[in-house]
2 protein chains.
Amino acid sequence: MTTEKLTTKERILTTALHLYNEQGADIVTIRHIAKEINISHGNLQYHYKNTEEIILALFNQLAEAMDKGMAQAENPAIPTFAQFLADTEHMFSILYQYRFIFLHFVAITQRVPEIKKRYNAIESNREHQFIRLFHNYQETGIFRTDIPEEVWIDLVTQIFIVGNFWMPHNEIQLQLKGQKAVRHYVHLVGNMFYPYLTPKGIATVQTS
Amino acid sequence: MTTEKLTTKERILTTALHLYNEQGADIVTIRHIAKEINISHGNLQYHYKNTEEIILALFNQLAEAMDKGMAQAENPAIPTFAQFLADTEHMFSILYQYRFIFLHFVAITQRVPEIKKRYNAIESNREHQFIRLFHNYQETGIFRTDIPEEVWIDLVTQIFIVGNFWMPHNEIQLQLKGQKAVRHYVHLVGNMFYPYLTPKGIATVQTS
DNA sequence: TAAAAAATAGTACATTTGCCCTAATTCTTA
DNA sequence: TAAGAATTAGGGCAAATGTACTATTTTTTA
């Protein structure tokens with residue numbers, strides 16, 4: 001990382017992200033953020049008219065990072081199950097950096113409707129990716145072929161629900177911090193697939 | 001249902017529940033609720049010092065309804081998978097009536113910490129119930145016996161995540177209303193179990 | 001370097017909200 | 001029925017917040 005001076009706009013975003021993650025987007029106001037970086041709230045408002053714009057800018061950062069991660073996971077060198085889990089961990093780590101969004105997901109999407117649209121578009125993409133991946137694993141004999149298509153589709157939905165809401169679940173039930181939380185729920189995702197594996201698939205997973 | 005006059009306390013709770021579900025607990029204030037039922041906010045405050053007390057009272061209603069539902073599901077006449085899904089539907093319907101809690105679950109538990117404690121206690125109970133249920137189904141040959149214990153435990157966590165967060169997921173992605181939403185996610189829960197079924201188990205499910 | 005644009009600081013104001021308090025009214029009960 | 005308790009209405013206030021606005025300083029650029 002370079003140590004160039006950050007622009008005010010950049011400092012606003014990093015500080016806002018920090019405060020949002022610490023205290024929640026419902027509590028932190030423009031004045032709080034301004035105070036934290038020692039600028040006037042009038043100045044902050046010059047850069048971002050209101051908190052909605054800041055949240056949207058942060059979401060765009062997240063979406064960009066997710067796009068990169070997805071592109072990377074799209075064509076793995078070796079398409080193993082272990083690789084899939086490593087990619088999932090990478091994705092979950094990115095999501096965790098923006099956890100204030102997912103801890104209050106509905107409130108955020110109500111406050112910034114644009115986010116809902118964008119997120120659903122991303123997820124729709126991701127759904128097709130999963131279906132392709134499953135067929136892939138079926139062809140290589142890792143996943144079972146005696147399961148109705150409908151069940152696979154619902155499996156994708158399950159993954160989405162866990163993917164979007166593991167942070168609230170952790171907040172309420174476990175309170176794990178940082179990578180500990182990430183790894184815990186990635187492990188859970190791994191186990192979600194266990195009963196879908198063939199005997200050969202199970203052998204593959206256990207040796208890796 | 002009797003048509004006796006409701007007490008002010010009761011009217012406050014039903015009106016608050018309605019407003020919370022419609023507009024969200026973050027927006028609705030004591031003054032809003034008072035206005036809706038045409039009493040002064042001073043009067044409302046006489047009955048409930050603040051909104052936290054109202055929310056806690058509503059949660060207690062929910063907890064009571066859930067307890068009853070659980071007791072009913074505990075010892076089913078015929079322990080079939082179809083019965084299990086019917087019980088799940090009943091539970092999900094109850095949860096849906098108090099959807100304002102689950103749409104902003106983290107915010108609610110932060111605002112009324114008592115709710116977090118109570119809910120975790122309930123869920124802990126429910127976890128044991130599930131494990132017993134699974135063993136039961138294994139003994140009757142409906143569920144597979146070649147799956148590690150760890151995977152069953154994580155299955156319970158999955159069910160909890162889906163059980164607690166299907167409403168936010170619906171709000172953001174599908175926007176189904178009422179029983180349509182309930183049935184959709186109960187069906188999803190049903191499919192979650194498919195790969196855990198034995199061939200005999202699959203036959204049992206399909207004929208029902 | 002002078003003018004224009006960008007950035008910054010800070011003021012002002014209307015609204016909302018939680019909270020506290022008092023007065024009036026209605027309902028119980030001894 | 002009269003005293004006491006419960007209930008109801010509504011005012012007052014401080015703190016917080018979003019928003020708009022002005023004035024000043026710094027940076028760009030022609």
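Predicted model, so just to flag it, every value in this text is computed and none were measured. Computation of the quantities below employed the complete heavy-atom set of this structure, encompassing side-chain atoms and omitting hydrogens, waters and symmetry-equivalent molecules. Letters A, B, ... are given to chains in the order of the sequence lines, protein chains preceding strands, and every chain is numbered from 1.
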**Prompt:** Hey, does the side chain of A/K49 come within less than 4.0 Å of D/dA20's phosphate (OP1/OP2), counting only N and O?
**Reply:** yes

The nucleotide from D/dT19, C/dC19, C/dA7 with an atom nearest the side chain of B/Q45 is C/dC19

Side-chain atoms of B/I39 come closest, of C/dG10, D/dA9, C/dC19, to D/dA9

Would you say B/R99 and B/E171 make side-chain contact, with heavy atoms under 4.5 Å? no

Between OH of A/Y46 and C1' of D/dG18 the distance, given in whole Å, is 20 Å

When rounded to whole Å, the CD1 to P distance for the pair B/I30 and C/dT16 reads 17 Å

| Within a strict 4.5 Å, meaning less than it, do heavy atoms of the B/N164 and A/F165 side chains meet? | no

Query - D/dT8 phosphate, OP1 or OP2, under 4.0 Å from B/H41 side-chain N/O - result: no

Whole-Å distance, A/R111 CZ to D/dG18 P, equals 8 Å

Taking D/dA9, D/dA20, C/dT8 as options, the one with an atom nearest any side-chain atom of A/S40 is C/dT8

Out of C/dT8, D/dT19, D/dT17, minimum distance to the side chain of A/T29 belongs to D/dT17

>> Is it true that B/D154 and A/Y194 share a donor-acceptor pair across their side chains at a distance under 3.5 Å?
In response: no

Rounded to whole Å, the CZ-P distance (B/R31 to D/dG11) equals 11 Å

Exercise for review: Step through it carefully: locate the ring centre of A/Y137, locate the ring centre of A/F134, and say whether they are under 6.0 Å apart.
Suggested key: no

Atom CG of A/L44 and atom C1' of D/dA20 are separated, to the nearest Å, by 16 Å

Are side-chain N/O atoms of B/D87 and B/Q83 paired as donor and acceptor at under 3.5 Å?
-> yes

**OP:** Give one of base, sugar-phosphate or nothing for A/T51, where a contact means two heavy atoms less than 4.0 Å apart.
**Re:** nothing

B/Y48 atom OH is separated from C/dC19 atom P, nearest whole Å, by 17 Å

Taken to the nearest whole Å, NE2/A/H32 to P/D/dA16 is 8 Å

Per atom distances to the A/N43 side chain, the nearest of C/dT8, C/dT17, D/dT19 is C/dT8

Rounded to whole Å, the CD1-P distance (A/I27 to C/dT17) equals 16 Å

Contacts of A/R11 and B/N50 projected onto DNA chain C by closest heavy atom; the upstream (5') one is A/R11

